[in-house]
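Sequence lines set the chain letters: A, B, ... in the order given, protein chains first and strands last, and positions in each chain run from 1.
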Amino acid sequence: MQLNPRQREAVTYIGGPLLVLAGAGSGKTRVITEKIAHLVRHCDYRAKDIAAVTFTNKAAREMKERIHKTLGRQACRGLRVSTFHTLGLDIIRRETATLGMKPGFSLFDDQDSMALLKALTDDELDVDKSWLKLAVSKISNWKNDMRSPDAVLASAEGDDQLFAVVYEQYQRHLKAYNALDFDDLILLPTVLLRDHPAVRERWQKRIRYLLVDEYQDTNTSQYQLVRLLVGERARFTVVGDDDQSIYSWRGAQPKNLALLQDDFPQLRVVKLEQNYRSMERILKCANILIDNNPHVFEKRLFSDMGYGEPLRVIFGRNEENEAERVVAEIVRERFLEKTRYGDYAILYRGNHQARGFEKSLINNRIPYKMTGGQSFFSRAEIKDIMAYLRLLVNPDDDNAFLRIINLPRRGIGPTSMERIGELANQERVSLFSACQIHGLNTLLSAPAFHAVQSFVELIQRTARKAAEPGEQSVHAIRDLIKFIQYEEWLFESSPSPAAAEMRMKNVNELYRWVSDMLKDDDDEALSLEQAVNKLMLRDMLSRQDEEDDGDQVQLMTLHASKGLEFPYVFMVGMEEGLLPHQSSIDEGNIEEERRLAYVGITRAQQRLIFTLARERRQYGETIRPEPSRFLFELPQDDVKWEDSQTKVSHEEKQQRSASNIAALRNMLKKD
DNA sequence: CGCAAATCCTTTTTT
DNA sequence: AGGATTTGCG
């Protein structure tokens with residue numbers, strides 16, 4: 001397939017900074033991959049001079065794959081395709097000396113951050129979970145805005161003063177633990193490049209051309225990082241769509257697109273408006289919906305794929321029935337139109353909405369895949385093993401220490417831990433160091449002390465072995481899991497043997513990932529530290545996604561759906577309070593919710609069905625939600641509302657029997 | 001110190 | 001309604 005004129009312009013223009021305003025489905029990934037190929041083939045760039053940055057691991061992986069296909073694996077050697085956070089991690093790792101960091105640092109996820117904040121504030125304030133969440137997000141926002149604790153302290157008012165003090169202490173403790181949080185992965189490199197001209201030049205030479213995908217998602221610190229990396233020469237292409245900016249709560253703002261024009265007056269802007277994904281009717285609805293938002297750049301999607309069928313709105317009696325009807329519709333269509341399960345996506349606002357759909361899919365024996373929902377890494381067994389690995393890499397990681405010091409049971413209880421904690425506090429060292437202080441034996445009971453000793457010895461012994469290259473380190477981890485009798489512990493602590501087996505399977509999966517990363521395959525082998533940090537960034541999750549993309553119905557949040565496309569899309573829970581989410585209604589941030597709806601609509605290639613429930617249980621009580629305002633903003637000629645009242649129940653019955661028959665058929669086929 | 005019951009709190013989106 | 005955390009007992 002040929003590039004259209006706009007696309008070609010975006011690919012071949014390399015004279016200066018370029019902004020590609022790429023509407024949904026306008027082939028932006030193709031433009032990026034073609035551009036990289038163009039740079040390598042026709043311009044004076046080697047693959048290793050080029051970096052492409054995305055926001056999700058999944059996007060990075062997909063892009064890498066597509067470039068490999070276009071350019072060939074060999075020609076791609078040294079090409080950087082990564083998320084912002086991975087790039088940041090890379091820079092930090094190579095500049096630890098300048099940053100004054102010890103090697104072997106840990107990455108804190110926000111649960112770790114919350115645990116640290118809790119420890120910091122517990123004595124003086126009675127903190128609840130929502131306070132901690134607020135604190136984490138405040139600190140995160142300050143970091144994203146590149147404001148140091150001092151700067152915040154100087155200007156904070158009211159409640160913020162307290163948070164600012166906490167911020168300052170939080171930073172100090174992170175440093176003491178030799179730990180970084182996710183935001184540091186952007187902030188540190190940015191500050192580093194800003195303040196060290198020599199380092200900056202080194203990286204500007206290293207990355208001679210920079211491409212940024214999903215540019216509308218950049219926050220202040222990420223944008224500054226981009227600016228510092230491209231420098232005066234400003235050789236870069238950013239691709240974005242202000243209508244798909246759905247991460248303002250993370251500091252990303254559509255206005256960043258406009259900012260670019262101010263900072264680079266010579267900026268060239270190319271608009272991609274031809275859509276290669278959806279039927280015209282779907283685009284019409286999307287365009288009209290998003291017209292309700294103010295715009296920096298005008299943009300109107302069109303396609304030549306035909307007008308298409310009307311969009312539909314389906315009501316369920318309650319959320320259960322909503323799910324049943326969606327599943328019934330899928331079963332019916334698959335039977336009548338010979339569609340594949342994999343052609344369907346069910347998109348929702350919040351992860352909790354997935355439950356009912358999962359249940360209904362299981363009942364009908366329909367294969368499905370849920371993406372996101374932090375499932376794997378939030379499993380207790382994974383967090384346990386990760387904590388062991390983190391402690392191996394960085395013994396000063398108190399969060400990791402606390403998680404596993406008595407897991408499996410070693411007879412080190414709260415009393416002993418309190419003593420160790422006091423000692424650590426008093427000596428201003430980490431808990432693990434405190435365990436090695438002479439005189440600890442006088443504070444603990446004999447058995448507890450003995451247990452602590454052997455724990456310390458275990459970690460040190462394993463860490464030493466894990467530091468050795470290749471096979472040795474893999475064995476070290478295998479032996480560790482054996483030694484602590486984790487499998488036995490799982491069987492002891494799980495409600496059923498089946499559950500324990502399941503959990504052990506997860507552990508083995510994690511183990512497999514780590515071993516794969518430690519061994520050298522095509523790329524160079526990672527150190528354990530690198531592997532652990534990569535896992536903290538959830539880098540393997542996407543890899544797992546790749547493995548089973550069979551014929552399965554896709555379930556995901558609207559956020560997670562960005563960048564994807566499906567022939568048939570259900571947008572479920574189209575209700576006030578849910579799709580404009582209640583909190584966004586309260587904050588008056590309807591525009592972002594509208595963009596979220598826009599993203600959902602533009603995922604659909606052929607058919608789009610909205611569903612909602614007349615009744616929904618929420619916090620134990622039943623509410624009767626209004627249909628989402630966005631449904632009324634659509635051109636009503638193109639939307640077919642399911643008739644209400646009597647006709648509904650008739651149709652419902654028909655659908656139900658169809659579904660039952662289909663389910664029966666399905667069962668017979670299976671067994 | 002470890003396990004079971006009782007309470008209470010939840011639901012926005014993610015690197 | 002369900003899951004997580006905290007309390008109370010053996």
Start with the C-alpha distance between A:Glu322 and A:Arg616, add both sets of side-chain angles, then the distance that settles side-chain contact (heavy atoms from CB on, under 4.5 Å), and finish with yes or no. CA-CA 10 Å; A:Glu322 180 194 23; A:Arg616 190 176 289 275; 3.1 Å; yes

Between the side chains of A:Arg403 and A:Asp397, is the shortest nitrogen-to-carboxylate-oxygen separation below 4.0 Å, so that they form an ion pair? no

Hey, which sits more toward the 5' end of DNA chain B by its nearest nucleotide, A:Thr83 or A:Arg617? A:Arg617

Mind checking if A:Glu621 touches a base, just sugar-phosphate, or nothing, with heavy atoms under 4.0 Å? nothing

When you check the gap from the basic side-chain N to the acidic O, do A:Asp242 and A:Arg595 get nearer than 4.0 Å? no

Expressed in angstrom and rounded to an integer, what is the separation of A:Arg355 atom CZ from C:dA1 atom C1'? 10 Å

Counting only side-chain nitrogens and oxygens, does A:Asn219 get under 4.0 Å of the OP1 or OP2 atom of B:dT15? no

Would you mind reading off the distance between A:Glu587 atom CD and B:dT13 atom P, rounded to a whole angstrom? 14 Å

Just to be sure I understand the rule, does A:His581 reach a base, reach only the sugar-phosphate, or reach nothing, if contact means heavy atoms closer than 4.0 Å? sugar-phosphate

Would you call the rings of A:Tyr177 and A:His173 parallel, tilted or perpendicular, taking 30° and 60° as the class edges? perpendicular

Quick check on B:dT14: is either OP1 or OP2 less than 4.0 Å from any side-chain nitrogen or oxygen of A:Lys133? no

Nearest whole angstrom, please: distance from the P of B:dC1 to the CG of A:Leu444. 10 Å

Rounded to whole Å, CD1 of A:Ile623 lies from P of B:dT11 at a distance of 16 Å

For A:Ala448 and for A:Glu593, find the nucleotide of DNA chain B with the closest heavy atom, then tell me which residue's nucleotide is more 5'. A:Ala448

Would you mind classifying the nucleic acid contact of A:Thr622 as base, sugar-phosphate or nothing, using non-hydrogen atoms under 4.0 angstrom? nothing

Close aromatic pair by centroid cut-off 6.0 Å: A:Tyr344 and A:Phe566: no

Are A:Asn351 and B:dT13 close enough that a side-chain N or O sits under 4.0 Å from OP1 or OP2? yes

Could you check which of B:dT13, B:dT15, B:dC3 has an atom nearest any side-chain atom of A:Arg409? B:dC3

P atom, B:dT13 versus C:dA4: distance in rounded Å? 15 Å

Using a 4.0 Å heavy-atom cut-off, does A:Thr557 contact any base of the nucleic acid, only the sugar-phosphate backbone, or nothing at all? sugar-phosphate

Looking across every strand, which nucleic acid part, if any, lies under 4.0 Å from A:Tyr247 by heavy atom: base, sugar-phosphate, or nothing? sugar-phosphate

Does A:Lys562 reach a base, just sugar-phosphate, or nothing at all? Heavy atoms under 4.0 Å. nothing

Could you state the atom-to-atom distance from CZ of A:Phe108 to P of B:dT15 in whole Å? 20 Å

Can you measure A:Gln582 atom CD to B:dT10 atom C1' for me and round it to whole angstrom units? 15 Å

Value in whole Å for how far the P atom of B:dT14 lies from CG of A:Leu558: 10 Å

Salt-bridge test for A:Lys28 and A:Asp241: reply yes if a basic N is under 4.0 Å from a carboxylate O, no otherwise. no

Compare the minimum distances between each of B:dT14, B:dC1, B:dT11 and the side chain of A:Ser416, then state the nucleotide with the smallest one. B:dC1

Which nucleotide wins on minimum distance to the side chain of A:Phe182, given the candidates B:dT14, B:dT15, B:dT11? B:dT15

From CE of A:Met370 across to P of B:dT14 the rounded distance in Å is 10 Å

Using centres under 5.5 Å plus planes under 30 degrees as the test, is A:Trp249 stacked with B:dT13? yes

Picking from B:dT14, B:dT15, C:dG3, the nucleotide nearest the side-chain atoms of A:His559 would be B:dT14

